[in-house]
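Quick caveat, the model's predicted, so the values are computed rather than measured.
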Amino acid sequence: MTKQIVSSTNFLILFQALLIMAIPHLPSFASASYEEANALLKWKATLEIPNNSLLSSWISLPINSSGSIPCTSWFGVVCHDDWSIQRLNLSSSGLTGTLHRFPFPFLHSLTHFDMSVNKFFGPIPPEIKLLSKLMYLDFSMNKFSCVIPHEIGSLHQLTILCLHANNISGSIPSSFGNLTSLNVLYLQRNQLSGPIPIELGNLKSLTDLVVSENEISGSIPSSLGNLSSLNILYMYGNRLSGHIPIELGNLKSLTDLEVSENQISGSIPSSLGNLSSLNTLYMWGNRLSGHIPIELGNLKSLTHLAVNTNQLSGSIPSSLGNLSNLQNLYLNENKLSGSIPQELGNLSLYELHMGTNKLYGHLPEKLCHGLKLQNLTVHDNQLTGPIPIDLRNCVTLRMVSFRRNQFNGDVSQSFGVYQNLFYLDLSHNKFHGQLSKNLSRCKNLTSLVMAYNDISGSIPQEFGNSTQLQRLDLSSNRMTGQIPKEFGKMKRMLKLSLADNQLSGIIPPELGSCELLEVLDLSTNRLNGSIPRSIGQWKHIYSLNLSNNKLSDKIPSNIGKLVQLAELDLSHNMLKKGIPPEVQSLKNLQKMNLSHNLLSGFIPNALTSLPSGIDIDMSYNELTGPIPHCANFMNAHLQGNLGLCGNNKGLKLCASQITKKEKGPFHHTLILVIIFSLIGTTLLGLLTYGFIACRQKKKNSPHIPLDEEDGNYFSVTNFDGRVVYDDILKATNDFDEAYRIGTGGYGTVYKAELQPNNVVAVKKLHSSSENDDHNGFLNEVRTLTNIRHRNIVKLYGYCSHARHSFLLYEYLENGSVGSILRDNLLAKELNWLRRVNIVKGIANGLAYMHHDSTPPIIHRDISIANILLDCDYEARISDFGTSKLLKLDSSNWTAIAGTYGYIAPELAYTMVATEKCDVYSFGIVALEVIMGKHPGELPTLSADFLVLANVGDSRIPLPSPHLEKQVNLVLNLSRGCLNSNPHERSTMRQVSNLLMKVLL
């Protein structure tokens, strides 16, 4: 008992002694923490911080304050026991600034540093090496630029390094090979170039290596085969070349390997068959050749295999039938041949894509194993035989494409009822029999294409119950009977083609109820009767072909309501009477064929108002009289009209033209004298009037700037107004048409090369665009010229002269997204990755305008025509000459502005413009970028409908599953922007942040 008391006493004495020894050190702890806190406050003063930021908790400390204050009350700060700062987490705080004045020397105890999802810019300073205890560093999703400092390689305790989604350039430092503790390295979505350093092979602890979506070149280092702990290796979307190293087969822990969208050549190494843990193998979009290794059949854990869009040849290995966990198999767009192995029928696939090869033979009987198959595409091969009976019971099917093969069999017996099916393409085969009513019971079917087969019988009237159907193509078959009037119930129909059949009867007037129609082709049938007046309801149609039928009576005047019509073909019918003058309203017309009819009377002079360059064919009718005086009819096909006359090849001259030709030179001289006299008198009067009006204007306009009043020049640019004005006139040859690159409602745009390699876009304003509040307009221009954002076209300024006023913009090489999407060849340049990045760029630009500009900027005319692309296909929002700087509660728009098809619905009745109007327009544009066309009426765009496989642009190949998820995210986000209630729409900040976080 005594020993216990003595022991307790000794312990108490020892504790007191230790406490006394510790007390002198407390002020030094507090002092160190105080210095760190004050250093952070000085850095905070250099930042742009949003209102209501949590950084408001960072308050100045009194001199005698406790060093624990930052550790207990400052947002994002966590301290060690000695009050020195251990962690700094400012993620997603809306901060803008640089690291130039960050207190690296003071934060020597920092272990975790997270500034992700902000707007920090400029370089990462080399002083970061002073944070020698750093274990976690995340600067992702900012705007950091310049090169990665090689000093980061001295942070030997780093386990996590995330620099992705910035603007960082240069090469990956070889010093990263010293980070032997590193587990995660994320460098994707930057502008990195050069090779992958072989030194990365030293990082034996690395589990995730992601360098995708950069400009990295060279070959894949074989040293990466040393990374024995690696789980994820993403190198897709670069410029890698050379062969795939066989050493990658050593990565036994690897679960995901993606090298898609590079320039890799050579064969697929058989050593990849050793990757027993692999779940995903994406190698599509390269230049791989040779055979598919049979060893890939050893990858029992594999769920996704994509080697499509390469140059692979030979047969499909039957060993792939051993991949019992495989869900998605992409072999399309190669040079594969032979039959499809029956062993593939053992797989529980969700997706099977083998289109565009040289495959032949029958499909495996058990394709629908386990009732899981959803997407099946084997188009553009040489496959034969009937559809496997097993497929009839595959109720999970969503998308099926058998086009351009040699399949046969009775089409009525080949398919069942599929509740999830939305796309079915059987075109260009040898199917026969009659259409099955089962297809009308597929309630989600939106696209049904069965053209170029041998299908006979009539069209079941039950097809009218397919109210989700948007595309129906039954052309080039042997179908008979009438067009069911029940088709009028298909309100969402966009493209209807029944051409080249043996259909008879009238065109049902009920078709007018399909008000969303864009394409209608009923040509080469036996249709009779008149063209129904209900066609006037097709406000969106751009192609109408009713040729080669037996239609009679006159062309209805309602045809003038088809204002979007680009191609009209009514040839080879029995149409009578005159051409309706209402055709002059078809301002988008490019081709009009009325040939081989019984049309009579004069060609209406009203047709001279049609746009120039139209291909017109009115040959072989009974037209009479002189042809209209315009270029369109000088080059038109008009032969076979015996009563026509005029200046056209094959026509006789009119009597008046013959008389004019016979007049002597005196007659012409007299006319010229009279004309010049009249012109002289008129000019004198105009000059006198202009002089008086000018003096009166000066008297009544005392607020015009002096330099504009005296010298007739005014400039809001970085250049002298007179110099800019003269240079622009010289560079455009006084605004010659040859330099015109676009026309809008507010002005005409010209390309002007002021100096070598100094090209600008010049918007010459229409006189009607002059702003009543001139000073307000100039202040607006001054504000807009200060905008700096990578996704907004730079406005250089404004230049005014008595003759011309124009805005100067940055010139973008690739033009507008709209012009590219309208061109089938150019549209193929916009692959899925570029399209996703375009949408992301638009979102970032609008988020800046709405949330980061003071005051906020509302564009009010976001459309596909106002999104321009630079040489790298990065999106820039343009046309700020029509913007307004508004406060959020402002309603100073007194008239609806914008482009038809993109205007928010509430603007029509509220006349109040908010940023939510831009959000709605963005939603339309995002859909149009993915669909390759305007989405039409929005009620048709349900959540089930808006998936890539349903609405994606068919002109480009289907993406990998990885990219497909990104595209579907864009589609889902667009729906949130199109809510009819503006208050329930997403904000552009929300859209931009979500795209930045998810699209890595």
Side-chain angles (χ1 to χ4, degrees), residues 267-268 270 273 281 283-284 288-299 302 304-370 372-394 397 399-411 413-415 424-432 452-453 957-958:
S267 59
I268 300 173
S270 59
L281 177 57
M283 312 177 83
W284 60 272
L288 296 170
S289 57
H291 293 195
I292 298 174
I294 59 175
E295 289 82 1
L296 294 187
N298 299 331
L299 306 179
L302 204 63
H304 300 79
L305 174 59
V307 295
N308 54 294
T309 320
N310 279 288
Q311 300 170 21
L312 297 171
S313 57
S315 60
I316 299 171
S318 59
S319 62
L320 296 187
N322 300 327
L323 304 179
S324 54
N325 290 302
L326 199 63
Q327 298 176 7
N328 301 294
L329 177 58
Y330 293 82
L331 305 178
N332 50 294
E333 295 184 76
N334 279 289
K335 299 178 181 179
L336 300 172
S337 58
S339 60
I340 300 175
Q342 291 295 320
E343 288 82 355
L344 292 190
N346 299 326
L347 303 180
S348 299
L349 289 171
Y350 290 99
E351 298 192 21
L352 174 60
H353 301 274
M354 295 186 175
T356 318
N357 280 288
K358 297 179 181 179
L359 302 171
Y360 57 82
H362 294 7
L363 287 176
E365 284 296 326
K366 296 181 179 179
L367 271 180
C368 198
H369 179 73
K372 291 184 177 181
L373 190 62
Q374 296 182 7
N375 296 338
L376 172 60
T377 61
V378 293
H379 57 83
D380 292 276
N381 282 288
Q382 300 168 26
L383 297 168
T384 60
I387 304 299
I389 192 67
D390 179 59
L391 213 61
R392 185 180 175 90
N393 302 317
C394 193
L397 280 174
M399 182 179 74
V400 177
S401 177
F402 288 167
R403 72 174 181 269
R404 297 188 187 278
N405 279 285
Q406 299 177 37
F407 288 115
N408 53 39
D410 190 338
V411 73
Q413 304 297 320
S414 300
F415 293 93
L424 176 60
D425 190 344
L426 307 180
S427 61
H428 296 272
N429 281 287
K430 297 179 180 180
F431 290 110
H432 62 269
Y452 293 92
N453 280 286
L958 290 171

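Residues Leu312 and Ile268 have side chains in contact (heavy-atom distance under 4.5 Å, counting atoms from C-beta outward). A 4.5 Å side-chain heavy-atom check between Ile292 and Leu331 finds at least one atom pair inside the cut-off. In this structure, the side chains of Thr377 and Met399 come closer than 4.5 Å at one or more pairs of heavy atoms. The shortest side-chain heavy-atom distance between Met354 and Leu359 falls under the 4.5 Å cut-off. Contact of the Asn408 side chain with the Pro386 side chain is registered, since non-hydrogen atoms from C-beta on lie closer than 4.5 Å. Taking 4.5 Å as the limit, every side-chain heavy atom of Tyr360 sits out of range of all side-chain heavy atoms of Thr384. Counting heavy atoms from C-beta on, the side chains of Gln406 and Lys430 come closer than 4.5 Å. The shortest distance between side-chain heavy atoms of Asn308 and His353 does not fall below 4.5 Å.
The line from CG of Asn381 to CZ of Arg403 is 11.0 Å long, rounded to the nearest 0.5 Å. Rounding to the nearest 0.5 Å gives a distance of 10.0 Å between CG of Asn298 and OG of Ser270. A distance of 8.5 Å separates CD1 of Ile387 from CG of Leu376, quoted to the nearest 0.5 Å. Annotation: the span from Asp410 atom CG to Phe431 atom CZ amounts to 10.5 Å, rounded to 0.5 Å. Note: Asn357 CG to Ser315 OG = 11.5 Å, rounded to the nearest 0.5 Å. A distance of 13.0 Å separates CG in Asp380 from NZ in Lys358, rounded to the nearest 0.5 Å.
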**Report entry** Audit row: Val411, His432, side-chain contact (heavy atoms from CB on, under 4.5 Å) steps and yes/no
**Finding:** CA-CA 6 Å; Val411 73; His432 62 269; over 6 Å; no
Requested in this report: Carefully, step by step, assess Leu347 and Leu352 under the rule side-chain contact (heavy atoms from CB on, under 4.5 Å).
Outcome: CA-CA 10 Å; Leu347 303 180; Leu352 174 60; over 6 Å; no
Requested in this report: Begin from the C-alpha positions of Ser313 and His291 and carry the test side-chain contact (heavy atoms from CB on, under 4.5 Å) through to its verdict.
Outcome: CA-CA 5 Å; Ser313 57; His291 293 195; 4.0 Å; yes
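For residues 321-332, every residue pair satisfying the side chain to side chain donor-acceptor pair (under 3.5 Å) rule, not counting sequence neighbours, is listed here: His304-Asn328, Tyr330-Glu351.
The two residues Leu302 and Leu323 come nearest to each other via the heavy atoms CD2-CD1, 4.2 Å. Pro317 and Ile294 make their closest contact through CB-CG2, 3.9 Å (heavy atoms, listed as atom of the first residue, atom of the second, distance). Of all heavy-atom pairs spanning Pro341 and Pro364, the tightest one is O-CG, 3.5 Å. Here the shortest heavy-atom pairing between Asn334 and Val307 reads ND2-O, 3.2 Å. When all heavy atoms are compared, the tightest approach of Gln342 to His362 is NE2-O, 4.4 Å.
Under the 30°/60° scheme for interplanar angles, the aromatic rings of Phe415 and Phe402 are found to be tilted.
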